[in-house]
**Q** 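Here it is, the structure, as structure tokens.
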Amino acid sequence: MAYVADYAVDAPERAEIDALPGPLLLEFGTGWCGHCRAAQPLIEAALRDFPGLRHVKVEDGPGRRLGRSFRVKLWPTLVLLRDGREIERLVRPDDATQVAAALARLAG
């Protein structure tokens, strides 16, 4: 799955995320967050070069367990995982080149 328009309200369990094989872009944010909306074109553009990359968008907020398990503080937060292990994180990305480079490292 590539670019996902909306943040999923029902987040998967942490164990499900940890068990996913291969590369995964896990994005935390909300639809009403200005920083999240501003980052969407950057993320979408970067993902075009990686059409097979799994991308999971999860709505975050107070009491959301998955976001807390990843210690998310600001939105959007992009957590790049390979085989359930975090390899990199981008917080409030504002540069398409930065996002693309991170995805290239994840896919590589």
Side-chain angles (χ1 to χ4, degrees):
M1 123 178 58
Y3 178 71
V4 180
D6 296 318
Y7 291 94
V9 176
D10 296 322
E13 294 292 325
R14 175 66 188 255
E16 292 176 70
I17 296 295
D18 290 345
L20 289 173
L24 166 69
L25 171 60
L26 181 59
E27 178 182 346
F28 292 96
T30 68
W32 53 262
C33 167
H35 294 286
C36 299
R37 288 194 312 261
Q40 289 314 297
L42 309 174
I43 297 166
E44 183 178 0
L47 282 169
R48 282 190 200 115
D49 291 335
F50 304 94
L53 180 65
R54 186 179 296 158
H55 178 206
V56 175
K57 291 178 68 169
V58 178
E59 185 174 292
D60 193 39
R64 300 283 183 145
R65 293 185 346 197
L66 186 62
R68 300 300 65 79
S69 75
F70 280 98
R71 295 185 182 103
V72 172
K73 303 286 185 201
L74 298 171
W75 305 322
T77 293
L78 308 179
V79 180
L80 293 84
L81 301 150
R82 185 177 296 117
D83 298 324
R85 294 181 52 198
E86 183 174 339
I87 62 165
E88 191 168 347
R89 173 181 299 232
L90 299 174
V91 179
R92 289 194 176 164
D94 60 1
D95 178 7
T97 306
Q98 173 193 35
V99 176
L103 293 182
R105 289 188 292 275
L106 175 63

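Heads up: numbering here begins at 1 and tracks the sequence. Worth saying up front: this structure is predicted, and the values here are computed from it rather than measured.
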**Q** Run the side-chain contact (heavy atoms from CB on, under 4.5 Å) check on Glu27 and Asp60 step by step: do they pass?
**A** CA-CA 9 Å; Glu27 178 182 346; Asp60 193 39; over 6 Å; no
**Q** Is the ring pair Phe70/Phe28 parallel, tilted or perpendicular, if the boundaries are 30 and 60 degrees?
**A** tilted
**Q** I need the single residue from Leu25, Leu78, Leu24 that forms a side chain to side chain contact (heavy atoms under 4.5 Å, CB included) with His55. Which is it?
**A** Leu25
**Q** As a quick check of understanding, evaluate side-chain contact (heavy atoms from CB on, under 4.5 Å) for Leu20 and Leu81, giving each step before the final call.
**A** CA-CA 9 Å; Leu20 289 173; Leu81 301 150; over 6 Å; no
**Q** Output the distance between atom CG (Leu26) and atom CZ (Arg89), rounded to the nearest 0.5 Å.
**A** 9.0 Å
**Q** Taking all heavy atoms of Pro76 and all of Tyr7, pick out the closest pair and write down the distance.
**A** CB-OH, 4.4 Å
**Q** To check you understand the geometry: which heavy-atom pair defines the closest contact between Trp75 and Arg92, and what is its length?
**A** O-NE, 2.9 Å
**Q** Specify the closest pair of heavy atoms between Pro41 and Arg37, including all atoms of both residues, with the distance to one decimal.
**A** CD-O, 3.4 Å
**Q** What heavy-atom pair brings Leu42 and Pro93 nearest, and what distance separates the two atoms?
**A** CD1-O, 3.7 Å
**Q** Could you see if Ile87 belongs to whatever hydrophobic cluster contains Leu103? Use Ile, Leu, Val, Met, Phe, Trp, Tyr and a side-chain cutoff under 4.5 Å.
**A** yes
**Q** Is Arg65 reaching over with its side chain to a backbone N or O of Glu13, donor-acceptor style, under 3.5 angstrom?
**A** no
**Q** Looking at Arg64 and Val9, would you say the former's side chain and the latter's main chain have a donor-acceptor pair under 3.5 Å?
**A** yes
**Q** Could you pull out the closest heavy-atom pair between Arg105 and Arg82, with the gap in Å?
**A** O-NH2, 3.0 Å
**Q** For Gly29 and Cys36, which heavy atoms make the closest approach, and how far apart are they?
**A** CA-SG, 3.6 Å
**Q** Does some side-chain heavy atom of Pro12 sit less than 4.5 Å from a side-chain heavy atom of Val58?
**A** yes
**Q** In Å, rounded to the nearest 0.5 Å, how long is the span from OG1 of Thr77 to NE2 of His35?
**A** 11.0 Å
**Q** Given Leu66, which of Glu16, Glu59, Arg14 fulfils the side chain to side chain contact (heavy atoms under 4.5 Å, CB included) condition?
**A** Arg14
